[in-house]
Structures are given as C-alpha cells and as structure tokens.
Amino acid sequence: MNEDQRLQGQQVKEKNPADKKSEKDYSKYFETVFLPPSLKEAKKRGKEEVKYHNDFKIDEQFRGMGDGKKFYIRTYGCQMNEHDTEVMAGIFMALGYEATDTVEDANVILLNTCAIRENAENKVFGELGHLKHLKQQRPDLLLGVCGCMSQEESVVNKILKTYNQVDMIFGTHNIHRLPHILSDAYMSKEMVIEVWSKEGDVVENLPKVRRGNIKAWVNIMYGCDKFCTYCIVPYTRGKERSRRPEEIIQEVRHLAAQGYQEITLLGQNVNAYGKDFDDLDYGLGELMDEIRKIDIPRVRFTTSHPRDFDDHLIEVLAKKGNLMDHIHLPVQSGSTDVLKIMARKYTREQFLELVRKIKAAIPDVALTTDIIVGYPNETEEQFEETISLYREVGFEAAYTFIYSPREGTPAAKMTDNVPMKVKKERLQRLNAVVNELSAEAMKQYDGQIVPVLVEGESKNNPDVLAGYTNKSKLVNFKGPKTAIGKIVHVKITETKTWSLNGEMIEEQQLAEVK
Ligand code: 5AD
Ligand code: SF4
C-alpha cells in the first residue's frame, strides 16, 4: 500500500495488526475513519521532499462548531508536546470553543501523550481509567488521545480493546486535521482514528494560544533522524524537517513586538537545523546569529545532540547578548561502549572535547544533561564511567532515567542481564552525584546579584515571587507583584540544592551597589 492509499484510508483493514486476532471484532470500525498507525511505515526515510503548507484555514463548514462548548487539554512529556497543545488550543478557539481548566466543565477532553518511557504511558492509561466515569455520566463528552502514544500500534490496539470510552485518536502529523477529526467524532458512534505514519510535512500559520505572555516556544524543526537505539521519537515524530528561517525570524520578531521576554527554540535535535535544506547553506549557528539581533531579552534552545554541535554555533553563542549561557547537552552515558550500542555516534572522548571547546569559548557556561542508566548489559565499570564523566564535565543538573524498553526500537530486542534492583541502585547513586554538583553550583551564587525573569508567584507561597536566572536557576524572593513579567535584580541570600532564595534589589539601589 502506498502513502496515498493509506491517507485515503484504503485497505486499512489489511494494515490493522489487531485483525490477525479477530477480524470480526474490528470490522465495525471500517465504516468510519479508521487509519491506525504503523511503526514500520514511520521508520522509513525516503527521498520525498518535505512539503511546506502555508494555507491552513478553518473550513466554513466547521465555523461555530464549538460555540457554547469548552475544551480541556492535559499535556504529558516534553516542550514539543506543550507547544503542540498551544496549537491545538488555537484551533479549538478558532472553532469557537472556550478553554477550561477542569475536566468536569469540558465538552471535549484531549490527552496529549508522551511515549518516551513506559511510566509516561502508564500515567495516560491511568487517566483514561479515571475519565471513564465522566464519560458514563455525560455520554456526549468527547474524549480524545493524541501525541506520541497515538503513533504506536500497540497503544491504539490496547485502547480499542480496553478503553472504549475514547472517541478519537489522532497522531502528531494530524494536528492540523483537528476540525475534521472533531467533526467525524461528533457524527460517528465508533472510535475515530486518524494517525498518519509518514515522514511529515511542515504546516505553517496554524493558530496558537500561548500559555502565558512572558516566555514562548518557537519550533524551528520537527522530527529526528538519529535513531538512537532506545528512542521511540524518530518513529512518533517523523523525519528531520526544518522550518524556513524567514518564518522563524518573523515569528520571533512578532513575539518581541508583543513584549515576550524569553523564547526557546524547539526541536528534537535542534543542532540538525537546516541540514535538510537543498537550496540553503544555513544551520543553527546562522539562525542564532540572526535571532541575536532581535530585541528580545532572552533566547534559549533545546534539545541539542552533541554530534551536530558545530564550531560555528559555539562561536555565535560566545557572542552572548541575549543568547543565554546555559546549554542542555544530553550525553546519555559516559562509556564509549554503551554510547556505541546506543548509536549516539560519538565517544566519551569526543564528548569531552566538545565540552572543552564550549568552555573555552564560553568560560562561565552552565551545562546540563540527560542520562540513561541500566542500559541493556551495562556493566558496573561502564556505569562508573558515567559518574566520572559527570564529574569531569561538572554538569550543574541532569534529567536521569532508568532505561525503558520501547516496542519497535532496536534496544527493545536486546537481551538484558541487568536486574531492575541494580538499575534502581545505579539511578540513586547517580542522583546523589547530580544533587551534590547542583548544590555546589548553587553555592557559587551566595551573596551575588543576579538578573531574574520573574514568572509569577511561587507555587508554594503566594507571597513569594519566582523566576529564573540566565543559567536557568530557580530563584524565590519577596517582591512586588508588578515585577512579574520583568527582569529584575535579586541578591542571593540562601542557596539550596535546586533553588536560590534572595531579596530583590531596586534599580536605584543597584546603581549604588555598582
Ligand atoms: N528509556 C529511558 N530514557 C529514555 N530517554 C529517551 N528514550 C528513553 C528510554 N527508552 C531519555 C533520554 C532523552 C530524554 C528526553 O529521555 O535521556 O534525552
Ligand atoms: Fe531520541 Fe536520539 Fe533523536 Fe534524541 S537524538 S530524539 S534521543 S533518537
């Protein structure tokens, strides 16, 4: 079956793995939209060009669909998902829906899911269980599952079998189809499933409702072609495809004009930005060099892959200005052998060399990372190499994970001789080092005056304000509510493992101190 046939929903019956078990059980679904995912299709990387769509609009037939109705979206996982939620919220609003932050009030509930580890998926299944009673009380409620989990055959089959309270499932490539999917779900008694397992296009000018008016995410590219052996993302998010620089720059200018204080350029592997352009020799370094000139106080980017982190980018970041001196650089392991099995395509030494170059250009840079422990057959010595690398680099923080097998990835097929007890114990040992180095990094701030972008009241105490430094350190301090949304100066009076406490310094006082 070719792509066109898939998209038209033809021969879908043959494609559904669940058919093998019982054709009869699923036959009713073929009457309506039933386009399930295929990880095998999603893995393909062909030669077709990325199609850029600039003509998104809400069809007349859908206008007013949401009048008098409310939507609720629960987001799991990474910033990419958070940003997709902002786009879906934009589409809902364009359809006439209103946002609500309680499920009880909602006429449509979407779970925007994450597939990166098993526990992320279990949370979603748990939530679907909780929502069942709402659906029983209010059968007209629409319940949808979208995001990365929708791209997995096993998940869709499990939902079909066990969670018949779900009305619609749609994939990461189908977000712009939300009006059609909603309309189908209203019309149909059966579950509507529309998941394109394709390499992916770039759809511009989708509506967005951003969460907050201080910080904004800006997608610069989609997908990932790295295929690290543990990772499901290249299957759920399609191939690497970059947005055109002029579209990105226009979006950043617009955000600056609206008064946003900080933007984060987003992509699964932002360092591969531009590699897919045939007509342009233009990468992340060039893009950051342009964005640096835009009048927005803070610019960040995430997530980097060490392999594609080139010298030009380092050179541009060293110019600082609004480019923040914090780089999140996932290493995953400190052992060259494990890195090889992970297909990270760099060695421990190459990673350390990259860090050396970055530190030479930006001496006070803050580096943070992601680490997976308990990779299949990881030895004690290999794990120790991760600890020693962590110390050698002097990372200031890390997201640490126990390896979680993801069906369809090469690592999931590897035999694994590391017991879960050992993996958990390694995670604890690593976290102890992570905490130790974080506390040390925080101590450096004692007595210093740092710029803080104030995001709002502290979660734990409404009398206290909270914000972040250039290097992404959380600061809690007493100050006037008028400081929210501004960059103010705070004198640090107490340092903790994961945050700083301080006192706001008025501009007048600051001049005196200086
Ligand atoms: N198991 C555990 N952690 C994973 N990550 C990605 N895939 C897996 C997996 N299968 C981690 C990596 C990545 C971060 C986003 O999640 O560290 O950088
Ligand atoms: Fe996953 Fe590796 Fe791509 Fe990151 S670079 S999204 S870990 S495959």
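Numbering of ligands and ligand atoms starts at 1, following listing order. Predicted model, so just to flag it, every value in this text is computed and none were measured.
Under the 6.0 Å cut-off for aromatic ring centres, Phe301 and Tyr273 do not qualify, their centroids lying 6.0 Å or more apart.
Among protein heavy atoms, the minimum distance from atom 7 (N) of ligand 1 is reached at Tyr230 CD1, 3.3 Å. Shortest contact from atom 7 (S) of ligand 2 to any protein heavy atom: Tyr230 OH, 3.3 Å. Taking atom 4 (Fe) of ligand 2 as the reference point, the nearest protein heavy-atom neighbour is Gln268 O, 4.3 Å. At the shortest separation from atom 4 (C) of ligand 1 among protein heavy atoms lies Arg117 NH1, 3.4 Å. Nearest protein neighbour of atom 3 (Fe) of ligand 2, counting heavy atoms only, is Cys224 SG, 2.2 Å. Of the protein's heavy atoms, Asp370 OD2, 3.8 Å lies nearest to atom 15 (C) of ligand 1. Here the heavy atom of the protein found nearest to atom 17 (O) of ligand 1 is Gln332 OE1, 2.6 Å. At the shortest separation from atom 1 (Fe) of ligand 2 among protein heavy atoms lies Cys231 SG, 2.3 Å.
In summary, of the residues considered (Thr369, Val331, Ile358, Val355), a side chain to side chain contact (heavy atoms under 4.5 Å, CB included) with Val393 occurs for Val355 alone. A side-chain hydrogen bond (donor to acceptor under 3.5 Å, both in side chains) with Glu199 is found for one member of Arg45, Lys44, Lys239 and no other, namely Lys239.
For ligand 1, the atoms sitting less than 4.0 Å from at least one non-hydrogen atom of Ile116 are 5 (N), 6 (C), 7 (N), 8 (C), 9 (C), 10 (N), 16 (O), numbered in the order shown with element in parentheses. Shown in contact with Val233 at under 4.0 Å from a heavy atom are these atoms of ligand 2, numbered in order with element: 6 (S). For ligand 1, the atoms closer than 4.0 angstrom to any heavy atom of Arg406 are 10 (N). Close approach of ligand 2 to His305 is summarised as follows: ligand atoms under 4.0 Å from at least one heavy atom of the residue are 5 (S). Within ligand 2, counting atoms from 1 as listed, the ones closer than 4.0 Å to a heavy atom of Phe227 are 8 (S). Here is the list of ligand 2 atoms found below 4.0 Å of a heavy atom in Lys226: 3 (Fe), 5 (S).
In summary, Asp101 and Arg74 do not engage in a salt bridge, as defined by a charged side-chain N under 4.0 Å from a carboxylate O. Contact check on Glu378 versus Lys423 returns no salt bridge, with no Lys/Arg side-chain nitrogen under 4.0 Å from an Asp/Glu carboxylate oxygen. The pair Glu86-Arg211 does not meet the salt-bridge criterion, since no charged nitrogen lies less than 4.0 angstrom from a carboxylate oxygen. Between Glu396 and Lys471, no side-chain nitrogen of the basic residue sits less than 4.0 Å from a carboxylate oxygen of the acidic one, so the salt-bridge criterion is not met. Remark: Arg300 engages Glu262 in a salt bridge, criterion side-chain N to carboxylate O under 4.0 Å.
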Begin from the C-alpha positions of Ile263 and Ile291 and carry the test side chain to side chain contact (heavy atoms under 4.5 Å, CB included) through to its verdict.
CA-CA 10 Å; Ile263 57 152; Ile291 290 178; 4.1 Å; yes
The test is side chain to side chain contact (heavy atoms under 4.5 Å, CB included); show your working for Val418 and Arg426 and say whether it passes.
CA-CA 11 Å; Val418 190; Arg426 284 184 191 161; 3.8 Å; yes
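Only the side chain of Phe401 comes within 4.0 Å of ligand 1, counting heavy atoms alone; its backbone N, CA, C and O stay farther away. Neither the backbone nor the side chain of Ile232 has a heavy atom within less than 4.0 Å of ligand 1. Counting heavy atoms closer than 4.0 Å to ligand 1, residue Ile372 contributes side-chain atoms (C-beta onward) but none from N, CA, C or O. Only the side chain of Pro234 comes within 4.0 Å of ligand 2, counting heavy atoms alone; its backbone N, CA, C and O stay farther away.
An N or O contact shorter than 3.5 Å links Ser404 to ligand 1 by distance. Checking only distances, Tyr403 never comes within under 3.5 Å of ligand 1, N or O to N or O.
Between Tyr346 and His305, the ring planes lie perpendicular to each other; the angle is over 60°, past the 30° to 60° tilted range. Between Phe71 and Phe92, the two ring planes are parallel [angle under 30°; tilted spans 30° to 60°].
A cation-pi arrangement is absent between Arg307 and Phe351 under the rule of less than 6.0 angstrom and at most 45 degrees off the ring axis.
Proximity of Arg237 to ligand 2 is not established, as no heavy-atom distance is less than 4.0 Å. Distances from ligand 1 to the non-hydrogen atoms of Ile402 include at least one value under 4.0 Å.
When distances to atom 2 (Fe) of ligand 2 are checked against a cut-off of 2.8 Å, Cys228 contributes an N, O or S atom below that limit.
Nearest heavy-atom pair across Thr229 and Ala343 is CG2-CB, 3.9 Å.
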